[in-house]
Amino acid sequence: MKMWSGRFTKETNALVEQFTASIHFDRALFAEDIQGSIAHVRMLGMQGILPEDDVECIVGGLRRVYARMEAGDVDLHDADEDIHMAVEKMLCADIGPVGGKLHTGRSRNDQVATDMHLYVRRHVHGIVEDVCAVQRALLDQATAHIETLVPGYTHLQRAQPISLAHHFLAYVSMYERDVSRLIDAYKRIDVLPLGAGALAGTTFPIDRHAVAHMLGFGDVYDNSLDAVSDRDFVIELLSIVAMIMMHCSRLCEELVLWSSTEFSFIELDDAFCTGSSMMPQKKNPDVAELVRGKTGRLYGHLVALLTTMKGLPLAYNKDMQEDKEGMFDAIAQVRSSLRLIAPMIATMHVRTNRMDEAVTNDYANATDLADSLARHNVPFRQAHEIVGKLVLHAIEQKKMLHELPLETFLAHSPVFTDAVYDILHPRHVVDARDSYGGTAIAQVRAALARARTRTNDTDAWLHAHWAFIARAQALLIDEQPIA
Ligand code: ARG
């Protein structure tokens, strides 16, 4: 029998039951659902809405349901509808009709919103942790390769040599923005909807701030209609995740490119590659490719939920049940991607000799030659033209710029001196870019130190906020067995 069967005279059509059920995916919310219920029923006791005996009985029952769910010792069916109904049903099977008092002053609408806030909050904390692990792997590689030079590219054509650490630090900066977006979004996730009832509040003298405190929430929703119909926090998460995946995808694209025979700048560890069923020689960067591949699907989740929400009148509508699968998938995929990228970066082998070759046998030092002429009063446009002609001449001679004799330089401009050979040296080219945020080795060292400090700030944030998440989780643990 359905918990809402009173006003019905017929059984639900079997296909309707199947179509409307969410239990097969929202069961992932069981821990959050039970945390919310324990805080709610404790508050009902504190407010004298339920007798303490009933409260203790319900809390004990909920903790046993949690233990069974955690152990996988449950059989859930479409007829159970969703996780909220399933938990209540299991509770009532355990403690009898008193279990029916749990839903006093509450609706599934504020309940599901609370579950989602708890779930998203925990995982936003986890995603920040995962992003940080990738940053650390990048910072470690950067530390090891401050003086390793690699061609920097524009249009995927060699442009100017840069420090390899500078390249890695660009990704650290991208991920820093992601972390800052997550930390900012956390403020809007860390808000309790419970107590909004179905849409308008409740007739019981509840204390929403007490529930917020028990669950470690920083605030409560101000407006009951907004509390039950807001999914902005999920959309925000999905948009941040989309951006994180975009960053991961660009990084992975470079891993794919750099590990190809054509580049051979890096070799990925065997543990993070797979082979071919037909070609015995193959070692494929599947993980990097799959991260790149999953990115599109995660963009899809963002667009799907934005579209679901755009036409909904206030307050709750069943359409909103569609918020979950995309969110679960986005969180699972971004977290496993980050958790693979970190060790893949940490274990990759950098082929410094290949990079050195690429930097030396190249014309990426041409800008510096033009700059040197400009420094001697040659208008830059003219200097550009002169060096362009020199490069063309060198290409025709099958030589690098530094292999040309001084006479050749002088034939193109009397301003050149034998200092050209120093100017053309890749390390000189790199160190010449000594502007703040540039690739000069001294700048890179300073940038690396700044990035490490910011990562430590994030650690402090993670540590401070874990305490609130842990408060909600502690509600699940039977620290004082209840008779
Ligand atoms: N399974 C529902 C969801 O995910 C829970 C809320 C149901 N509320 C309702 N009034 N039918 O959105």
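Throughout, residue positions are numbered sequentially from 1 according to the sequence presented. Atoms within a ligand are numbered from 1 in the order they appear, just like the ligands themselves.
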Exercise. Do Thr274 and Asp286 have a side chain donor and acceptor closer than 3.5 Å?
Worked result: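 Yes, Asp286 and Thr274 have a side-chain donor paired with an acceptor closer than 3.5 Å.
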Exercise. Looking just at side-chain N and O atoms, do His84 and Asp33 make a donor-acceptor pair shorter than 3.5 Å?
Worked result: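 Yes.
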Under 4.0 Å from a heavy atom of [X]: which atoms of ligand 1 are those, numbered in the order shown and with their elements?
X: Asp82; value: 1 (N), 2 (C), 5 (C)
X: Ser22; value: 1 (N)
X: Lys324; value: 3 (C), 4 (O), 12 (O)
X: Asn109; value: 8 (N), 9 (C), 10 (N)

For this session: Under 4.0 Å, heavy atoms only, figure out whether ligand 1 is touched by the backbone of His84, its side chain, both or neither.
Result: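 For His84, only side-chain atoms sit under 4.0 Å from ligand 1.
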Problem set entry | Ring geometry between Tyr119 and Phe328 (parallel below 30°, tilted from 30 to 60°, perpendicular above 60°) |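 Plane angle over 60°, so perpendicular.
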Exercise. Given Glu322, Gln321, Met85, which one has a non-hydrogen atom that is nearest to atom 2 (C) of ligand 1?
Worked result: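 Comparing heavy atoms across Glu322, Gln321, Met85, the nearest one to atom 2 (C) of ligand 1 lies in Gln321.
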For this session: Answer with yes or no after comparing the ring centroid distance for His117 and Phe233 against a 6.0 Å cut-off, counting only values under it.
Result: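 Yes, the ring centres sit under 6.0 Å apart.
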Exercise. In the protein, which heavy atom is nearest to atom 11 (N) of ligand 1, and how far is it?
Worked result: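 Ranking protein heavy atoms by distance from atom 11 (N) of ligand 1, first comes Arg108 NH2, 3.8 Å.
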For this session: Identify, for atom 12 (O) of ligand 1, the protein heavy atom at the shortest distance, and state residue, atom and that distance.
Result: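 For atom 12 (O) of ligand 1, the nearest protein heavy atom is Tyr316 OH, 2.4 Å.
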Exercise. Would you say the side-chain atoms of Arg354 pair up with the backbone N or O of Phe263, donor to acceptor, closer than 3.5 Å?
Worked result: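 Such a contact is found between Arg354 side chain and Phe263 backbone.
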Problem set entry | Positive for side chain to side chain contact (heavy atoms under 4.5 Å, CB included) with Val131, one of Thr455, Val179, Val334, Thr458 |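 Result: among Thr455, Val179, Val334, Thr458, Val179 is the only option passing the side chain to side chain contact (heavy atoms under 4.5 Å, CB included) with Val131.
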